[in-house]
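Contents: one structure, followed by commentary.
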Amino acid sequence: MDFLSELRSRLRSALTLMTDTPDAYVEMLKPSQEVKFGDFQANCAMSLAKLARRPPRDVAAELISKLDVADICDPPEIAGPGFINFRLKTERLADETARLTRDERLGVALVATPRQYIVDFSSPNVAKPMHVGHLRSTVIGNALCRVLRFLGHHVLSDNHVGDWGTQFGMIIYGYKHFRDDAAYRNNAVPELARLYRLVNQLTDYHTVVAELPPLRAQIAAKEAAVASARQAADFKPTDKDAARAAKRAEQELSEHIAGIESAQTKCDLVESNPGLKSLADAHPRIGELSRRETALLHAGNIENKRLWDEFVPKCMQALESMYQRFGIVFDMSLGESWYNPMLPGIVEELKQKEMARISDGATCVFVEGNPAPFIVQKADGAFTYATTDLATIRHRVETLHADACLYVVDSRQSEHFQLLFATAKNLGYSQTEFRHVSFGTVLGEDRRPIKTRSGDSIGLESLLDEAIQNARKIVDENSSHLSDADRSNVSVLVGMGAIIYVDLHHNRDSDYVFSWDKMLATSGDTATYNQYAYARVCGILRKGGIDVAELRRAGHAIQLATPAERALALQLNRFSNAVSDVAIDYRPNLLTQYLFETANCFASFFNDCPVLSAEPPELRASRLLLCDATARILKCGLDLLGIGVVQQM
RNA sequence: GCGCCCGUAGCUCAGUUGGAUAGAGCAACGGAUUUCUAAUCCGUAGGUCGAAGGUUCGAAUCCUUCCGGGCGUACCA
């Protein structure tokens, strides 16, 4: 039994006798924050009292008198201004725990009405190596898919690969002019990535060279603006607007200077390298020409389409090997290119329905309450990701029959999704839940988006390798009892687990500061801590030579005489709440938090309660069952997050 | 200018539709096991929840203003 749901349902029965709107009050029953307040607390008496203009403790007393929970709890207590505290009867908790230890699903019920979810995540661009920025989407999306599936929903994971955008023209241009045939034959993807970076750099160079003189010319004007604004502010120190204007002017100036510096850096990088400089000089129109390659590709140019057909499978294969390391298998990888044939129809329909109009040459949808345009066709006729995303929605709703579409994408794109969803609704897709599951940026220790010393983003591949390598050092220090092969295996799971867990344990909305120390930490709130707890349970079962199938079948009772045992049992019974909480607002960190608390309860139990040497045999059996259930919940919960476990470490 | 987000312990972060004395981890300090994995456990210390008002039985949470920071803002995705 799920105690929380059961208590809430009992509370609802009592509340219907006192109010017409019990639902809001039912939600106010939740797990207690502190042990001394019991196991659960209801905070609704105060709110009810306000409406009824009665003393809250009286209302609490009346509520208790109407509440039938005697079979589950000790008599509820009124505390403070009118809290109602519930403490489960220990025998009842023990009975339910015994049931849990035999339950294949560990108390997690299947949802009554499964929905069809489409989860769009990871979505890298092909031929650009994956970097830390792709980590969050990949890891969060995977965890959500697993949790939703476990709850009984139908889930289709979709990798909406960027295989059709502007970067492809750059690659084609690079391939045509700069390719190293030997390198390409030897390993195509790194060579394509090199070509992309090269073309990008040369394009930037020409842009920047053109921009620098006017930017420089503006400095004097900006400085003058600062001086006069500052003077005005100093002249009238009480005028806040003047002070603000001065500050804004200063800010503008410093941003301007920073812009020039960064442009200068890009410039210097090319000019200090004679090889690059001569390439740049030889390709003055590289930006324009690589855009043309993109346009040719989209227009069906045979040569470019042939190159595309050649490049994409190679790139997809490289991505695939990355996903294998995470244990991720996508149900679909329908890239942007897949929707290409649908794009003209989308724009046509928007025009017919008079939702789109031409503005500055571009075809735009304007959404009420938002001045920003949603550009579905550029002035040059090219479509944008807005168009592609609309086509994607059409496919997901009409063909895949989605009830809910989740987009696990960087929070910086929130405005895009706001416009996209509003447009989709106006197109008639109003029965589907569209949700931008946004997440914050991974920052470096300087609090800027993470970079290596050379200024590049850290590659995902090297991040994983380094984590595993570091895990190996720690494993070697701690686990001399393991064979070399086992140590390798443990290192992979510990290293990968560390990275995945660090990411998931943050609230997804927050930016977080990446640090190697945290990634590699093996104590405290980490994947390793959870994996270690799991391995310790396995150690007990192994040393005792326990046949767990037999143990579960035997029908032993659970005994909860000590605080550590009771706390652990209560925690195990909350697993189903933790899993379903993740699905409410798509927040995996609620599960990492639960698992850490569970592992922590187990560690205390492990310290206080001997298992194998426990007497009498009934107590030993009870503790063994608690161990077994703990292990299964840790394994299951970590698996839902995409993190593996080992029996020995 | 407009829009969105953020400001919680020395550091990194939780804090579920407003609830009891604001919680973890790391770092610091002090304890625990001749026992099933010490990658552990228990404890101490550390806070004006950016500031000021307001709403009410009750505010880190809701409202207003201000300060500080990030991001987005027309043809990149």
Side-chain angles (χ1 to χ4, degrees), chain A residues 24 27-28 30-34 36-37 41 43 46-47 49-50 55-56 79-83 85 123 125 162 164-167 240 248 336 359-364 370-380 382 384-386 388-389 409-416 418 438 440-441 443 447-449 474-475 477-479 481 494 502 505-507 509-513 515 517-518 521-526 528-529 531-533 535-544 581 584-585 587 589-590 592-593 596-597 600 603-614 623 627 648-649:
Chain A
E27 300 289 310
M28 296 170 90
K30 45 186 95 172
S32 295
Q33 294 180 354
E34 288 192 57
K36 67 180 175 191
F37 297 135
Q41 62 179 42
N43 307 332
M46 281 91 79
S47 307
K50 194 188 312 194
F83 295 100
N85 293 336
S123 310
N125 287 322
W164 201 241
T166 312
Q167 96 275 11
K240 285 197 171 172
R248 201 163 46 235
E336 292 170 339
S359 170
D360 285 351
T363 309
C364 307
N370 197 326
F374 194 55
I375 298 178
V376 291
Q377 191 166 20
K378 298 193 270 190
D380 66 4
T384 72
Y385 76 138
T388 312
D389 280 354
V409 179
D410 198 321
S411 58
R412 283 175 292 196
Q413 294 192 36
S414 62
E415 193 171 30
H416 166 70
Q418 202 185 316
S438 63
T441 312
L443 306 173
R447 295 210 144 261
R448 310 211 53 98
I474 295 165
V475 171
E477 281 167 26
N478 286 284
S479 303
H481 54 285
V494 167
V502 164
H505 105 281
H506 291 90
N507 181 324
D509 284 319
S510 325
D511 296 347
Y512 73 87
V513 176
S515 96
D517 287 350
K518 265 191 298 178
T522 55
S523 61
D525 188 0
T526 60
T528 314
Y529 180 89
Q531 291 166 322
Y532 182 66
R536 292 215 288 182
V537 185
C538 292
I540 294 175
L541 299 173
R542 186 174 55 247
K543 292 228 162 140
D581 283 351
I584 291 174
D585 202 28
R587 296 196 177 276
N589 68 314
L590 299 177
T592 62
Q593 194 179 322
F596 177 62
E597 285 163 6
N600 193 233
S604 299
F605 163 87
F606 184 88
N607 235 47
D608 295 354
C609 307
V611 177
L612 293 175
S613 61
R623 287 181 175 173
C627 286
Q648 274 190 81
M649 59 189 280

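Quick note on labels: first sequence line is chain A, next is B, and so on, each numbered from 1.
Comparing the C1' positions of B:U40 and B:U35 gives an interatomic distance of 14 Å, to the nearest angstrom. Of the C1' atoms belonging to B:G19 and B:A60, the separation is 13 Å, rounded to the nearest Å. For the C1' atoms, the distance linking B:G3 with B:G18 amounts to 27 Å, nearest Å. Look at the P atom in both B:A59 and B:A20: the space between them is 10 Å, to the nearest Å. Atom name C1', nucleotides B:G10 and B:G53: the rounded distance is 31 Å, in whole Å. Comparing the P positions of B:C66 and B:C11 gives an interatomic distance of 28 Å, to the nearest angstrom.
When rounded to the nearest whole Å, the span between CD of A:Glu415 and C1' of B:C76 equals 15 Å. For A:Leu590 and B:A14, the CG to C1' distance is 10 Å, given to the nearest whole Å. Atom CH2 of A:Trp164 and atom C1' of B:C76 are 17 Å apart (whole Å). Here the P atom of nucleotide B:U61 and the CD atom of A:Gln33 are 16 Å apart, to the nearest Å. In this structure, CG of A:Asp410 is placed 9 Å from C1' of B:C71, rounded to the nearest angstrom. Atom CD of A:Gln531 and atom C1' of B:A39 are 11 Å apart (whole Å). Rounded to whole angstrom, the span from the CG atom of A:Asn600 across to the C1' atom of B:G43 amounts to 14 Å. Whole-Å rounding puts the A:Ile540 CD1 to B:U35 P distance at 15 Å.
Checking B:U73 for Watson-Crick or G-U wobble geometry (two distances, each under 3.5 Å) identifies B:G1 as its partner. With both pairing distances under 3.5 Å, B:U44 is matched to B:A28 as a Watson-Crick or G-U wobble pair.
Side chain of A:His506, nearest nucleotide from B:C13, B:U17, B:U21: B:C13. Listed nucleotides: B:A14, B:U21, B:U12. Nearest to the side chain of A:Lys36: B:U21. Comparing B:C26, B:U37, B:G19 against the side chain of A:Phe606 picks out B:U37 as the nearest. Residue A:Asn607 places its side chain closer to B:C41 than to any other of B:C41, B:A39, B:C76. Closest to the side chain of A:Asn589, from the set B:U12, B:C13, B:A14, is B:A14.
Between B:A39 and A:Asn478, a contact under 4.0 Å exists linking OP1 or OP2 to a side-chain N or O. Close to B:U37, at under 4.0 Å from its OP1 or OP2, lies no side-chain N or O of A:Arg542. Considering only side-chain N and O atoms, A:Lys543 lies under 4.0 angstrom from the phosphate OP1 or OP2 of B:U37. For B:C5, neither phosphate oxygen OP1 nor OP2 lies less than 4.0 angstrom from any side-chain nitrogen or oxygen of A:Ser438. An OP1 or OP2 oxygen of B:C6 is reached within less than 4.0 angstrom by no side-chain nitrogen or oxygen of A:Tyr512.
A:His416 and A:Asp389 get closest at one heavy-atom pair: NE2-OD2, 2.7 Å. The nearest pair of heavy atoms linking A:Ala362 to A:Ile375 is CB-CG2, 4.1 Å. Closest heavy-atom contact between A:Ser359 and A:Cys364: CB-SG, 4.1 Å. Residues A:Lys543 and A:Leu612 approach most closely at CB-CD1, 3.9 Å, considering heavy atoms.
Nucleotides of RNA chain B nearest to A:Ser411 and A:Phe605 differ in position, and the one nearer the 5' end is that of A:Phe605. Residue A:Ala79 is the one, among A:Asp608 and A:Ala79, whose nearest nucleotide of RNA chain B lies closer to the 5' end (criterion: closest heavy atom).
The residue A:Thr526 sits apart from the nucleic acid: no heavy atom pair falls under 4.0 Å. Residue A:Thr522 is classed as a base contact, given a heavy-atom separation below 4.0 Å to a base. At the heavy-atom level, A:Asn507 lies under 4.0 Å from the strands shown only through sugar-phosphate atoms. A:Ser604 comes within 4.0 angstrom of sugar-phosphate atoms only, judged by non-hydrogen atoms across all strands, and of no base. When heavy atoms are screened at a 4.0 angstrom cut-off, A:Cys364 is found touching base atoms of the nucleic acid. Here A:Gln648 lies in heavy-atom contact (under 4.0 Å) with a base.
Side-chain N/O atoms of A:Gln593 and base N/O atoms of B:A24 include no donor-acceptor pair closer than 3.5 Å. In this model, no side-chain donor or acceptor of A:Ser510 finds a partner on the base of B:A14 within 3.5 Å. For A:Asn85 against B:A20, a side-chain N or O and a base N or O form a donor-acceptor pair under 3.5 Å.
Note that SG of A:Cys538 and CD of A:Gln648 are 9.0 Å apart. Values are rounded to the nearest 0.5 Å.
A donor-acceptor distance shorter than 3.5 angstrom exists from the side chain of A:Ser32 to the backbone of A:Phe37, with no hydrogens or angles considered. Put simply, the side chain of A:Lys30 never gets that close to the backbone of A:Asn43: no donor and acceptor are under 3.5 Å apart.
In summary, of the residues considered (A:Val502, A:Asn507, A:Thr441), a side chain to side chain contact (heavy atoms under 4.5 Å, CB included) with A:Tyr512 occurs for A:Val502 alone.
A stacking contact links A:Phe37 to B:A20: the aromatic ring centre lies within less than 5.5 Å of the base's six-membered ring centre, and the planes differ by less than 30°.
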